[in-house]
**Q** 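Structure below; questions to follow.
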Number of protein chains: 2
Amino acid sequence: MDIKIVDVAAKAGVSPATVSRVLNNNSNVTARTKEKVMKVIDELGYQPNAAAKNLRSQRSMIIGVIVPEINNSYYAEVIKGIENKAYAQKYKVIICDTGNNKEKELDFISLLMNKTADSMILVTPHLSDEELCHIADMNYLIGIVGRRVDHDKIPCVYTDNVKFSKEVVSHLVEQGHRKIAFLSGYADAVDSYERLEGYLKALREHHIPFHPELIENGDFSEKGGYEAMKRLIEKQADFTAVYAANDEMALGVYKACAELGIRIPEQLAVVGVDNNRISRYIQPKLSTVNQPKIKMGRAIVEKLINQLEHDEPAQERVLVLDSELMIRESSLTRAAKIAES
Amino acid sequence: MDIKIVDVAAKAGVSPATVSRVLNNNSNVTARTKEKVMKVIDELGYQPNAAAKNLRSQRSMIIGVIVPEINNSYYAEVIKGIENKAYAQKYKVIICDTGNNKEKELDFISLLMNKTADSMILVTPHLSDEELCHIADMNYLIGIVGRRVDHDKIPCVYTDNVKFSKEVVSHLVEQGHRKIAFLSGYADAVDSYERLEGYLKALREHHIPFHPELIENGDFSEKGGYEAMKRLIEKQADFTAVYAANDEMALGVYKACAELGIRIPEQLAVVGVDNNRISRYIQPKLSTVNQPKIKMGRAIVEKLINQLEHDEPAQERVLVLDSELMIRESSLTRAAKIAES
DNA sequence: AACGATTCGGAAATCGATTTCAATCTATTT
DNA sequence: AAATAGATTGAAATCGATTTCCGAATCGTT
């Protein structure tokens, strides 16, 4: 059987309380006793039972992370950042992959709130602000990555969708495009909404009329992008560039173009968002927006742990990080390409 | 404050024991009492405290998963399989990303063994068989994905490295290659070793002499593959095909070829292993070996839960799944390509 | 109606650590 | 040497559920 604190205490000739003190606060224990106890702990290979510790201390040292899809480099990198920072601070990370299923997501949330996780990080386009606030109002600490929620108990780390969206469209305009289609993600997702907003604002600034038929919805997946692109073509929409709400959807556009014999970027410019790993490898290389994903993960963990351990947040509740437009081949006209080289 | 079982008991006019019975075994509770208690549970939104439950029941319903790198579609997909099956069985999953750091890996293992996780799944090339057996000997349940360990307490799910390695080499030979380089992963990893073994066996079967200078070591990363390829070139090794121990390394080969102006597959055939997502998107499409990653994840969870809940494993301890050679563009000579179309 | 056999439900022990409170020991001051 | 303050240590309570053990209630049978 496992070794318990009483076993250590017995062998060291002290009380369990002393062993506990040696392992934790360390306050008021003679160097001599401490050494004696440590020796026994080493000898027996004692490790405190996590369940007992959690119960008594009301802490699990676990942070839950809820993502729509783990096998997507955007989320995988955010997780990597979370995991890294958490490990450095002695927290463990429970990952929940919802497969973009909202029901499963809510299930996970209630599953982790029972003291399984001290706090949760949500990277989700599916829950409404109200739902998120409701969790925080139950006095459960959550952090959000990738969007902003206005609730004074919810730390958020994100990039400015509107801002980079405008940059994307401006870049396309600079490349000579005026008929730019926008492929949105889930219609109700904040990201979709804000990226659309940036798109519209940029059009206005460049005095380009808005054509509603150039908007199509997808679901942030390759398949969704493919189908949205097909729909654009079918309805004979007139456009020379596509701004896809994320790289996955841009991949779908590539697929549709391959099937239809449309050459990128000669006949159609394409830009995505996320700087997924694939975007660098695909031909032509996909122009996209890079977000500091690992940094975002690290930052949210930092905020959460701060709040967990000092109760009051020492720093700003929200953190807006810079994104970077990565201009690659898919959005450069030949002329521009030559000029670049 | 949170609602506790005594609160429910008080409001329902029963004892905590009864509430517990309603929630768990259900034995010996009148339908009437049960209903009454359930009503109160719903009203109060009661959720049993996980820490208390874990302590008393000696179960955490958590499975730990240790992987070298989460942002790699091989591991991400295995995790997906694990996560899915675990969720269906009401288990949660703690993910530990070791970043290929063995020390961190050992740290994670001891961190989870303190009753934090009921069991652990290791997807690691870094630990020796002895180290793995040692964990199992401490009476802690672990499962292995991707390799075989001979210990009657350790369930394993994997594919036959030697077998598919031979298939890869045979395929290259059929394409007319006789000078085939092999880029290994970590020199001490089982995967590297077995894939090399398959390579050697295939050469022998095809009566092709073995040239040691055609072997280079990497570390399963793109960078490692790139550097290994560079070394092959520098020492002016004579070869027309490269078999990389995984797709990441094959990506490195692509990069080196791009720099050196070597055309794939015309001047050099390339095959990888893993069927990483990128392998389908890169130009030319990379020939590789597909492993049923999600299935592997699901299978190991099934075995572990079986063992956890029925103590004795009901099924076979090891499961060898079939892999599939995916012949794509990177290993097809022009002639073959035309013949195919 | 009386009896035994079940079923149901409560009191209390338990899981293994932490922490409070009080007791003891040490050291310093007078 | 005595008194007192402060540092160490231990006994026991505690965290919140589950489970054992036992008494009470219910049921069926004669």
Side-chain angles (χ1 to χ4, degrees), chain A residues 1-38 40-41 44-62 90 110-118 309, chain B residues 1-41 44-62 90 111-118 309:
Chain A
M1 271 317 295
D2 294 313
I3 294 136
K4 291 174 280 189
I5 199 169
V6 289
D7 303 326
V8 176
K11 183 155 185 195
V14 298
S15 76
T18 301
V19 178
S20 173
R21 275 187 277 256
V22 168
L23 274 123
N24 300 290
N25 44 335
N26 269 357
S27 77
N28 300 335
V29 189
T30 323
R32 211 179 108 56
T33 340
K34 185 174 168 181
E35 195 189 351
K36 188 171 61 178
V37 171
M38 285 304 264
V40 176
I41 287 174
L44 299 181
Y46 169 70
Q47 293 282 116
N49 178 305
K53 188 164 186 155
N54 296 349
L55 174 59
R56 178 63 230 221
S57 62
Q58 305 283 29
R59 276 281 157 79
S60 65
M61 301 301 281
I62 288 177
K90 308 218 178 293
S110 70
L111 221 65
L112 297 186
M113 282 178 70
N114 327 321
K115 307 281 173 192
T116 292
D118 295 335
E309 299 188 347
Chain B
M1 270 313 296
D2 295 314
I3 294 137
K4 291 174 281 189
I5 199 168
V6 289
D7 303 327
V8 177
K11 182 154 184 196
V14 297
S15 75
T18 301
V19 177
S20 173
R21 274 188 277 255
V22 168
L23 275 123
N24 300 291
N25 45 335
N26 269 356
S27 75
N28 299 336
V29 190
T30 323
R32 210 177 109 57
T33 342
K34 184 173 169 182
E35 196 189 350
K36 188 171 60 180
V37 172
M38 286 304 265
K39 189 153 159 280
V40 176
I41 287 175
L44 299 180
Y46 168 71
Q47 294 280 118
N49 178 306
K53 187 165 185 156
N54 295 348
L55 174 57
R56 178 64 230 219
S57 63
Q58 307 281 27
R59 275 282 159 79
S60 65
M61 299 304 279
I62 288 177
K90 307 216 178 295
L111 221 65
L112 296 186
M113 280 178 71
N114 328 322
K115 306 281 173 192
T116 292
D118 295 335
E309 300 190 345

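Below, all heavy atoms of this structure are taken into account, side chains as well, without hydrogens, waters or symmetry copies. Chain letters run A, B, ... following the sequence lines, proteins first and then strands; every chain starts at 1. Since we're looking at a predicted model, the values are computed, not measured.
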**Q** Of Val19(A) and Thr30(B), whose nearest nucleotide on DNA chain C comes first from the 5' end?
**A**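 First, find each residue's nearest nucleotide; the 5'-ward one identifies Thr30(B).
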**Q** Figure out the CZ/P separation between Arg32(A) and dA7(D), and round it to whole Å.
**A**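 Distance, rounded to whole Å: 20 Å.
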**Q** Decide yes or no, distance alone: a donor-acceptor N/O pair under 3.5 angstrom between the base of dG16(C) and the side-chain of Arg56(B).
**A**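 Donor-acceptor pair under 3.5 Å: no.
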**Q** For Arg21(B) and for Pro48(B), find the nucleotide of DNA chain D with the closest heavy atom, then tell me which residue's nucleotide is more 5'.
**A** Pro48(B)
**Q** Is there a side-chain contact between Gln58(B) and the phosphate of dT14(C), meaning an N or O under 4.0 Å from OP1 or OP2?
**A**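 So the side-chain polar atoms of Gln58(B) never come under 4.0 Å of the phosphate oxygens OP1 or OP2 of dT14(C).
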**Q** Contact class for Thr18(B) (heavy atom, under 4.0 Å): base, sugar-phosphate, or nothing?
**A** sugar-phosphate
**Q** OP1 or OP2 of dT18(D) sitting under 4.0 Å from any side-chain N/O of Asn24(B)?
**A** yes
**Q** Considering heavy-atom distances to DNA chain C, does Pro16(B) or Ala52(B) have its closest nucleotide positioned more toward the 5' end?
**A**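 Here Pro16(B) is the residue nearer the 5' end.
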**Q** Atom CZ of Arg59(A) and atom P of dT19(C): how far apart are they, to the nearest Å?
**A** 11 Å
**Q** Starting the side chain at C-beta, find the nucleotide from dG16(C), dA11(C), dT18(D) nearest to Ser15(B).
**A** dA11(C)
**Q** Does a side-chain N or O from Tyr46(B) land closer than 4.0 Å to OP1 or OP2 of dG16(D), or not?
**A** no
**Q** Specify the separation, in whole Å, of atom CG of Asp2(B) and atom P of dC15(D).
**A**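 So the two atoms are 13 Å apart, to the nearest Å.
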**Q** For Asn54(B), answer base if it contacts any base atom (sugar-phosphate contacts may also be present), sugar-phosphate if it contacts only those atoms, and nothing otherwise; contact means non-hydrogen atoms under 4.0 Å.
**A**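 Nothing, no heavy atom under 4.0 Å.
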**Q** Rounded to whole Å, please give me the gap between NZ in Lys36(B) and C1' in dC8(C).
**A**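 Taking atom C1' of dC8(C) as the reference, NZ of Lys36(B) is at 12 Å.
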**Q** Nearest whole angstrom, please: distance from the P of dA17(D) to the CD of Gln47(B).
**A**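 In whole Å, dA17(D) P lies 11 Å from Gln47(B) CD.
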**Q** Would you say a side-chain N or O of Thr33(B) is under 4.0 Å from OP1 or OP2 of dC8(C)?
**A** no
**Q** Heavy-atom count check: over 12 atoms from other residues, nucleotides or ligands less than 6.0 Å from Met61(A) CE?
**A**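 Counting other residues, nucleotides and ligands, CE of Met61(A) exceeds 12 neighbours.
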**Q** Can a side chain N or O of Lys53(B) be found less than 4.0 Å away from OP1 or OP2 on dG16(D)?
**A** no
**Q** Rounded to the Å, how far apart are Ile3(A) CD1 and dC15(C) C1'?
**A**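 After rounding, the reported distance stands at 17 Å.
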**Q** Figure out the CG/P separation between Leu55(B) and dA13(C), and round it to whole Å.
**A**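 Going from CG in Leu55(B) over to P in dA13(C) covers 17 Å.
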**Q** List the steps and the verdict of side chain to side chain contact (heavy atoms under 4.5 Å, CB included) for Val29(A) and Val37(A).
**A** CA-CA 10 Å; Val29(A) 189; Val37(A) 171; over 6 Å; no
**Q** Any side-chain N or O of Asn49(B) below 4.0 angstrom from OP1/OP2 of dG16(D)?
**A**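 No, Asn49(B) has no side-chain N/O under 4.0 Å of OP1/OP2 on dG16(D).
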**Q** Using the side chain to side chain contact (heavy atoms under 4.5 Å, CB included) rule, take Asn49(A) and Gln58(B) through it: C-alpha gap first, then chi angles, then the decisive distance, then the call.
**A** CA-CA 10 Å; Asn49(A) 178 305; Gln58(B) 307 281 27; 4.3 Å; yes
**Q** Apply the side-chain hydrogen bond (donor to acceptor under 3.5 Å, both in side chains) test between Ser60(B) and each candidate in Asn114(B), Asn54(B), Thr116(B), Asp118(B); give the one that qualifies.
**A** Asp118(B)
**Q** Look up atom NZ in Lys115(B) and atom NZ in Lys53(A), then write down how far apart they are to the nearest 0.5 Å.
**A** 16.0 Å
